[in-house]
Amino acid sequence: MLEKISQLTDEISALTAASLQDVEQLRIKYLGKKGAITLLMADFRNVPAESKREVGQAINQLKTLATEKINTLRETLADADSDDDAVDLTRTATPRLFGTRHPLSLVKREMLSIFASMGFTIAEGPEIEDDWHVFSSLNFPADHPARDMQDTFFISRDPADILLRTHTSSVQTRVMEKTQPPIRIVCPGRVYRNEAISARAHCFFHQVEGLYIDKNVSFADLRQVLLQFAKEMFGPETQIRLRPSYFPFTEPSAEMDISCNICGGKGCALCKGTGWVEILGCGMVDPNVLKACGIDPEVYSGYAFGMGIERIANLKYRVTDLRLFSENDVRFLHEFDAAR
């Protein structure tokens, strides 16, 4: 299979196209439902266990190469068409309507900007993951409910568990495996969970998770970072509170609420009359997680946190139905023209 991947890599690198129709045919040939790369991913289950990691990485790199190459060809030809259109004297003088950034993109950009100002760098990783990076390295016991089929989208369970990541914590473990502290990162990305789609839940959504590991990192450091984030995101009058909770990968763990930014803490329908709204989970990184990733827990400590971008967007823009973010209704998207 590695020879086939190498052959396809050379073939894709040399691709050319004379029209946008040619580009679409190339996309179907390599990335379509019956495309060459899709067939490779289907054959992945037949790869010996000892080779799965190497082959899986090679397939991901090939898919990335094909996507970037096809997008580059499409953009080049689209720009050429635009140049031709620029001299079309028959075109109406009515101004063109400009698009706008998606509300989730707006919120993610603002979140990452806030954390960047506090010294965090961005780290990203694959959406198709293995059990080790999603569960085992994060201290999930073998019988944890998150490993069940009804909670996780598994691609293959024999001989190795390959799945769609359920959180971007898998990016954190990949960074910890390859990097010695100090580590200060935020991990934005799309995640997947096997849930019924409704106004309050979806089978895919977006997260931003953070990780800081160094010597003498304390829970007080975590609280101060989260307080600063809340004030920057929702306004200087925002207050936070931390409630004890449980996550397999942190100890101690907590869930963080902010004072309701709609009623100012007085009580409303959004906060259910409590004056507080939950936005994230956090805690000190469990020593078992540090040890599993090759970091000495006797020397280093750290904290982690994670939040849903949709949740933050709901509070910031008062969107009550999660499905609106993915239905591409232009009437909804045009409401964010002023925010771009």
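The nearest pair of heavy atoms linking Leu322 to Ala201 is CD1-N, 3.5 Å. Among all heavy-atom pairs drawn from Ile295 and Thr179, the shortest one is CD1-O, 4.3 Å. Among all heavy-atom pairs drawn from Pro188 and Ala123, the shortest one is CD-O, 3.6 Å. Closest heavy-atom contact between Asp321 and Ser198: OD1-O, 4.3 Å. When all heavy atoms of Ala304 and Gln172 are compared, the closest pair comes out as CB-OE1, 4.1 Å. Ser170 approaches Thr173 most closely through the heavy-atom pair O-OG1, 2.8 Å.
With sequence neighbours excluded, the residues that form a side-chain contact (heavy atoms from CB on, under 4.5 Å) with Gln228 are Met118, Glu232. With sequence neighbours left out, Arg318 forms a side-chain hydrogen bond (donor to acceptor under 3.5 Å, both in side chains) with no residue at all. Checked against ring-ring contact (aromatic ring centres under 6.0 Å, His included), Tyr30 has no partners two or more places apart in sequence or in another chain. Glu177 meets the side-chain hydrogen bond (donor to acceptor under 3.5 Å, both in side chains) test with Trp132, His133; sequence neighbours excluded. Partners of Arg27 according to the side-chain hydrogen bond (donor to acceptor under 3.5 Å, both in side chains) rule, which considers only residues two or more places apart in sequence or in another chain, are Glu24. When the side-chain hydrogen bond (donor to acceptor under 3.5 Å, both in side chains) test is applied to Gln21, the partners found at least two apart in sequence or on another chain are Ser19. Not a single ring-ring contact (aromatic ring centres under 6.0 Å, His included) links Tyr300 to another residue, sequence neighbours left out. The ring-ring contact (aromatic ring centres under 6.0 Å, His included) search around Phe205 returns none, not counting sequence neighbours. Checked against ring-ring contact (aromatic ring centres under 6.0 Å, His included), Phe204 has the following partners two or more places apart in sequence or in another chain: His202.
Taken together through direct or relayed side-chain contacts under 4.5 Å among Ile, Leu, Val, Met, Phe, Trp and Tyr, Val299 and Val175 form part of one hydrophobic cluster. Val107 and Val191 are members of different hydrophobic clusters when ILVMFWY side chains are connected at heavy-atom separations under 4.5 Å. When the side chains of ILVMFWY residues are joined at heavy-atom separations under 4.5 Å, either directly or via intervening members, Leu20 and Leu31 end up in a single hydrophobic cluster. In the hydrophobic clustering of this structure, Ile197 does not group with Phe332; members are Ile, Leu, Val, Met, Phe, Trp, Tyr whose side-chain heavy atoms approach within less than 4.5 Å, directly or through other members. Following chains of ILVMFWY side-chain contacts shorter than 4.5 Å, one can reach Leu333 starting from Tyr317, so the two form part of one hydrophobic cluster.
Taking the six-membered ring for Trp and thresholds of 30 and 60 degrees, Phe140 and Phe135 have ring planes more than 60 degrees apart, a perpendicular arrangement. Note: Phe249 and His167 have perpendicular aromatic rings, judged against thresholds of 30 and 60 degrees for the angle between ring planes.
Within the structure, side-chain hydrogen bond (donor to acceptor under 3.5 Å, both in side chains) pairs that include any residue of residues 238-259 comprise Arg241-Asp257, Arg243-Glu255, Arg243-Asp257, Thr250-Ser253 (at least two apart or interchain). Counting only residues at least two apart or on different chains, the side-chain hydrogen bond (donor to acceptor under 3.5 Å, both in side chains) pairs with a member in residues 117-129 are Glu127-Tyr192, Glu129-Arg174. Residue pairs meeting the side-chain hydrogen bond (donor to acceptor under 3.5 Å, both in side chains) criterion with at least one member in residues 270-284: none, sequence neighbours excluded.
Ring pair Phe247/Phe305: centre-to-centre distance not below 6.0 Å. Aromatic rings of Tyr303 and Phe219 (six-membered ring for Trp) have centroids beyond the 6.0 Å cut-off, not under it.
A distance-only check finds no donor-acceptor pair linking the side chain of Arg184 to the backbone of Gly210 [under 3.5 Å]. In this structure, Ser13 contributes its side chain and Thr9 its backbone to a donor-acceptor pair below 3.5 Å. Within the 3.5 Å criterion, the main-chain N or O of Ile162 finds no donor-acceptor partner in the side chain of Ser156. In this structure, Ser51 contributes its side chain and Val47 its backbone to no donor-acceptor pair below 3.5 Å. Using modelled atom types, no side-chain atom of Ser6 and backbone atom of Leu2 make a donor-acceptor pair closer than 3.5 Å. Judged by distance alone, with hydrogens and angles left aside, the side-chain atoms of Asn139 form a donor-acceptor pair with the main-chain N or O of Pro248 at under 3.5 Å. Thr38 contributes no side-chain N or O that, together with a main-chain N or O of Lys34, makes up a donor-acceptor pair within less than 3.5 Å. At distances below 3.5 Å, at least one donor-acceptor pair connects side-chain atoms of Asp22 with backbone N or O atoms of Ala18.
With contacts defined as side-chain heavy-atom distances shorter than 4.5 Å, the pair Asp161/Thr152 does not qualify. Leu163 is not listed as a side-chain neighbour of Ile155, based on a closest heavy-atom distance of 4.5 Å or more. Side-chain contact check for Asp329 versus Leu324: every heavy-atom pair is 4.5 Å or farther apart. By the 4.5 Å heavy-atom criterion applied to side chains, Ile258 and Phe234 are counted as neighbours. Contact annotation: the side chain of Val134 approaches that of Thr166 to within less than 4.5 Å [non-hydrogen atoms, C-beta and beyond]. Contact annotation: the side chain of Ile183 approaches that of Met176 to within less than 4.5 Å [non-hydrogen atoms, C-beta and beyond]. Residues Leu280 and Leu226 are in side-chain contact: their nearest non-hydrogen atoms beyond the backbone lie under 4.5 Å apart. Two residues are said to be in side-chain contact when any heavy atoms from C-beta on lie closer than 4.5 Å; Arg223 and Leu227 meet this criterion.
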So Arg311 and Asn314, side chain to side chain donor-acceptor pair (under 3.5 Å) or not? Walk me through it.
CA-CA 5 Å; Arg311 180 63 168 164; Asn314 285 349; over 6 Å; no
What's the verdict on side chain to side chain donor-acceptor pair (under 3.5 Å) for Asp221 and Ser218, showing C-alpha distance, side-chain angles and the deciding distance?
CA-CA 5 Å; Asp221 298 322; Ser218 69; 3.2 Å; yes
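Enclosure of atom CD in Glu327 by more than 12 non-hydrogen atoms of other residues, nucleotides or ligands within 6.0 angstrom is indicated. No more than 12 heavy-atom neighbours from other residues, nucleotides or ligands sit within 6.0 angstrom of CG on Asn216. For Arg193, the CZ atom sits in a packed shell: over 12 heavy atoms of surrounding residues, nucleotides or ligands are nearer than 6.0 Å. Around the CD atom of Glu298, the shell of radius 6.0 Å holds no more than 12 heavy atoms that belong to other residues, nucleotides or ligands.
Of the listed residues (Arg190, Gln207, Lys108), just one forms a side chain to side chain contact (heavy atoms under 4.5 Å, CB included) with Ile309, and that residue is Lys108. Checked options Leu112, Val208, Val171; the residue passing with Ile122 is Leu112 (criterion: side chain to side chain contact (heavy atoms under 4.5 Å, CB included)). When each of Arg74, Glu75, Lys69 is paired with Asn71, the side chain to side chain donor-acceptor pair (under 3.5 Å) condition holds for Arg74 and for no other.
To the nearest 0.5 Å, atom CD of residue Gln25 and atom CD1 of residue Ile70 are 11.0 Å apart.
Salt bridge status for Lys4 with Glu11: absent, with no side-chain N to carboxylate O gap under 4.0 Å.
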